[in-house]
Peer 1: 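Take this structure, written in structure tokens, and hold onto it; I'll ask about it next.
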Amino acid sequence: MPEVVIEVDRLYKKYNLGTIGTGSFRQDLQRWWTTAIVKKQDPFFQTDNSPEARKKSILALQDISFEVKHGEAIGIIGSNGSGKSTLLKIISRIVRPTHGTVRGRGKVSSLLEVGTGFHPELTGRENIYISGYILGMSKAEIKTKFDEIVAFSGVNDFIDTPVKRYSSGMYVRLAFAVAAHLEPDILIVDEVLAVGDADFQKKCLGKMREVSQSNGRTILFVSHSMQAIKNLCDKAMWLNKGKMQAFGEVAGVVNKYLTTVQQAKLKQSWDVPQTAPGNEWVRMRSVELIPHLENPDEPLDIRVPLTVKFSFWNMHDNMYLSAGLHLFTPAGECIFDVPSPSRICDKGIVEGECYIPGNLLNDGPYYFSMVIVKDTSVPLFNFEECLTFELDDYRENIQWYGKWWGAVRPKLPFHLTQTESVLL
Amino acid sequence: MSKGKAVWDWEINSKTSFWGHGIPELWSYRHLMVGLVRRHFLLNYQQTVLGPLWILFQPILTLFTYVLVFNKIVGIQTGSIPPVVFYASGIVLWNFFSESFTGTASTFKDNAQLFGKVYFPRIIMPISVINTHALRLLIQLLLLFMVVGYYSIFSSFSIHFNIWILAFPFTIILIGIFGLALGLLFSVITAKYRDITNLVTLGVRLFMFITPVIYPLSTVPENLRWLVQLNPLTPLFELFRLSLLGEGYITSYQLLYSVVITLLVLVGATLLFNKQGDKLIDVV
């Protein structure tokens with residue numbers, strides 16, 4: 001059985017909110033008095049969540065305990081501010097926990113940003129050395145790997161040029177090249193892959209895969225890309241507001257995370273017209289996105305067909321009505337604008353639904369807006385952002401981990417045939 | 001869950017130690033220290049016309065000003081030592097102290113970005129700053145030797161080497177240590193209480209006036225001499241001049257006082273730096 005290389009035991013991290021300055025010296029004295037002289041608990045450390053306590057400080061991590069075994073790759077997921085980076089910083093020895101212990105074996109290197117220790121005025125060569133030292137490499141190690149690092153970065157011709165003259169792409173490539181050649185027992189990687197172009201991301205993920213799989217190194221990896229997590233990691237941890245929500249086999253945790261995060265935005269409904277959004281013409285009654293999944297716990301990925309179901313109260317008789325569905329990206333680009341056929345409606349409830357086939361949209365977040373139209377041209381009511389959802393990525397037999405391009409990703413008939421087999 | 005502490009290589013908890021890092025860990029980061037010294041040098045003279053020559057120009061220009069103002073205009077007597085030699089020795093030594101101190105006193109403030117992203121023993125940073133200034137001092141000492149040599153050949157001033165020359169490296173090391181110690185102390189304080197930063201720059205400028213940089217201790221009126229002698233740097237400056245130029249006002253009690261104060265500040269500041277260093281990342 002592989003040995004445990006990191007043991008995290010009841011970890012807490014508290015951050016004080018507000019400005020530190022006035023009064024902090026007095027607080028420091030008070031804290032020193034109670035903890036060191038009177039031997040009581042720190043008066044400013046509290047685990048309760050009373051509104052008053054919450055105002056002054058925030059618990060970035062609460063009661064986190066887990067073990068990592070040798071050779072495991074652990075992905076850490078969670079929304080922004082869930083404590084992922086704080087956890088990595090504590091294990092990297094950058095910040096101290098407020099409570100709890102981390103114990104471990106072997107050399108730890110952390111890669112929390114690309115280009116740690118880089119200085120724009122220095123040349124590529126000098127930066128490789130200084131950055132390597134800062135990340136914990138020895139001089140001999142850098143010397144033997146120097147050519148490899150330069151080759152990996154692809155900046156050979158500019159190695160004696162100050163990096164401030166580099167393009168941002170070159171800078172990032174060189175910075176990552178240094179980090180990629182670290183050989184610690186435990187590698188800690190924050191969301192560093194968010195920078196750089198798709199090509200670079202692919203290269204980085206490939207390198208990390210190589211490190212974790214062939215070299216048997218232990219990796220802790222934070223990412224927002226579920227695809228990358230699934231591809232790289234054996235296990236995953238889901239942090240939510242500083243608490244560990246799930247820890248275990250990667251697919252299970254990722255699915256649980258995705259479904260929980262998404263559910264809340266997939267349906268809206270109102271019981272009575274008075275409180276529902278709308279106006280004197282129409283009032284919304286419900287709007288819902290139904291994914292066609294065999295098992296509700298499965299992730300919502302790009303293959304899944306979707307149905308948008310909606311209903312509204314029509315307040316007038318003899319109206320010639322139609323509805324329109326608009327799909328947007330978070331950036332506000334409209335992907336499609338689909339109108340329903342029009343029909344004469346009387347006072348009462350009107351229902352509609354629209355089917356969106358699977359293998360049409362790309363992975364990523366989207367939102368729907370709705371419009372209800374009179375006489376095919378007069379908008380009665382715009383219901384903005386009525387549904388939001390995110391499609392998970394799905395790839396089969398594709399060795400490419402970067403973000404897939406495009407707003408849509410339709411599965412179109414596409415053939416590749418060899419017509420002649422001749423040696424050229 | 002726990003399998004005993006002995007089997008773990010490292011442990012991170014909320015307690016920070018006064019003792020900090022063991023010598024083996026610091027030794028393993030020696031390349032980083034050398035690399036940082038190199039970086040300080042490269043960065044200071046990148047894209048300048050005169051480059052490293054600035055190390056010499058800065059004291060030369062200061063020397064001209066001091067000789068003009070303090071000797072020619074104010075008329076401070078420098079004993080048997082020619083004014084140029086006297087001021088040159090004071091300036092070179094004072095620069096070493098003040099730059100060591102101000103350079104290390106902002107350790108956390110200047111490196112907050114780096115310290116927040118990667119771990120290495122924090123004390124490597126101030127040590128590299130001190131070493132950078134020590135190297136510059138060595139270059140400036142060559143200038144000082146040239147000035148001393150010139151005056152001993154072309155003027156009536158003659159240096160009689162005596163046993164005190166042995167104290168020469170000792171004074172430099174002690175002044176470096178005092179600068180580092182004060183710097184470590186103030187790096188912790190300025191990280192927490194920002195207004196102290198202004199006090200550091202102002203304080204070091206005023207501190208020069210109670211150090212025998214621009215005047216020899218012997219010219220200070222008896223009734224004010226105690227004030228200058230309270231300063232632990234005073235005996236070191238006097239000893240420096242005594243060892244190199246053969247004239248200085250010093251007693252063994254004063255020297256002992258300096259050594260004790262310097263070591264006390266060093267120990268205290270190092271302990272504080274170790275204890276507080278890891279916590280400060282949350283604050284700066």
Side-chain angles (χ1 to χ4, degrees), chain A residues 3-5 7-9 11-13 15-16 20-21 24-25 28 42 45 65 67 89-113 115-117 119 121-123 126-127 129-140 142 162 185 190, chain B residues 1-17 21 25 28-48 111 113-122 124-125 128 189 191-195 275-284:
Chain A
E3 61 168 356
V4 175
V5 288
E7 181 195 274
V8 176
D9 189 17
L11 210 59
Y12 284 86
K13 177 69 191 178
Y15 279 109
N16 289 318
I20 298 169
S24 78
F25 184 63
D28 289 350
D42 187 339
F45 176 75
S65 300
E67 284 184 349
K89 280 190 175 183
I90 289 175
I91 300 175
S92 315
R93 296 177 71 176
I94 292 167
V95 297
R96 293 283 183 155
T98 313
H99 244 57
T101 321
V102 183
R103 300 186 188 89
R105 291 192 187 88
K107 190 179 160 196
V108 180
S109 283
S110 47
L111 186 53
L112 302 189
E113 80 179 342
T116 310
H119 198 289
E121 296 283 348
L122 300 181
T123 66
E126 287 152 1
N127 269 315
Y129 274 95
I130 198 83
S131 178
Y133 294 146
I134 284 178
L135 292 170
M137 290 162 101
S138 72
K139 194 172 187 173
I142 302 175
D185 303 304
D190 202 348
Chain B
M1 204 162 168
S2 155
K3 288 165 192 120
K5 271 184 189 171
V7 295
W8 300 103
D9 291 347
W10 43 267
E11 180 174 327
I12 300 163
N13 55 31
S14 58
K15 290 183 191 64
T16 50
S17 158
H21 318 277
E25 188 181 4
S28 72
Y29 279 94
R30 63 193 182 281
H31 294 307
L32 174 60
M33 210 284 293
V34 176
L36 287 172
V37 170
R38 208 181 124 74
R39 186 170 93 161
H40 293 312
F41 267 97
L42 287 170
L43 287 183
N44 265 319
Y45 307 110
Q46 205 74 260
Q47 286 198 2
T48 57
N111 299 295
Q113 171 68 18
L114 183 62
F115 285 1
K117 291 296 180 191
V118 67
Y119 167 81
F120 56 88
R122 304 310 184 204
I124 294 284
M125 226 13 147
S128 77
I189 299 174
K192 274 201 159 177
Y193 312 104
R194 279 294 165 88
D195 17 7
K275 182 78 180 166
Q276 291 291 329
D278 289 342
K279 294 182 188 169
L280 286 173
I281 309 300
D282 291 340
V283 182
V284 284

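Numbers restart at 1 for each chain; the letters A, B, ... are given by sequence-line order, proteins then strands. What you see is a predicted model; the values in this text were computed from it and never measured.
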Peer 1: Please identify, among Leu42(B), Ile12(B), Val118(B), the residue contributing the most non-hydrogen atom pairs under 4.5 Å to chain A.
Peer 2: Ile12(B)
Peer 1: Need one label for Leu36(B): side chain, backbone, both or neither, based on atoms under 4.5 Å from any heavy atom in chain A.
Peer 2: both
Peer 1: Is it the case that atom NZ in Lys275(B) sees more than 12 heavy atoms from other parts of the structure closer than 6.0 Å?
Peer 2: yes
Peer 1: Please name the pair of heavy atoms, one in His99(A) and one in Ser14(B), separated by the smallest distance, quoted to 0.1 Å.
Peer 2: N-CB, 4.3 Å
Peer 1: Report which part of Glu121(A) has an atom under 4.5 Å of a heavy atom belonging to chain B: side chain, backbone, both, or neither.
Peer 2: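 Both backbone and side chain of Glu121(A) come within 4.5 Å of chain B.
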Peer 1: Measure distances from Arg30(B) to the heavy atoms of chain A and classify the residue's part below 4.5 Å as side chain, backbone, both or neither.
Peer 2: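 Contact with chain A: none, neither part.
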Peer 1: Stepwise, does the side-chain contact (heavy atoms from CB on, under 4.5 Å) test hold for Tyr133(A) with Lys139(A)?
Peer 2: CA-CA 7 Å; Tyr133(A) 294 146; Lys139(A) 194 172 187 173; 3.4 Å; yes
Peer 1: Which atoms of Ser92(A) are under 4.5 Å from chain B, going by heavy atoms: the side chain, the backbone, both sets, or neither?
Peer 2: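 Backbone only.
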Peer 1: Give, as side chain, backbone, both or neither, the part of Lys89(A) having an atom under 4.5 angstrom from any heavy atom of chain B.
Peer 2: side chain
Peer 1: For Arg122(B) and Phe115(B), indicate whether the former's side chain and the latter's backbone hold a donor-acceptor pair under 3.5 Å.
Peer 2: yes
Peer 1: Distance under 6.0 Å and angle within 45° of the ring axis: does Arg105(A) meet both against Trp8(B)?
Peer 2: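 Positive - Arg105(A) is close enough to the ring of Trp8(B) and near enough to its axis.
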Peer 1: Does any backbone or side-chain atom of Val108(A) lie under 4.5 Å from a heavy atom of chain B? Answer side chain, backbone, both or neither.
Peer 2: side chain
Peer 1: Restricting to non-hydrogen atoms, name the atom on Ile94(A) and the atom on Tyr119(B) that form the minimum distance, rounded to 0.1 Å.
Peer 2: CG1-N, 4.0 Å
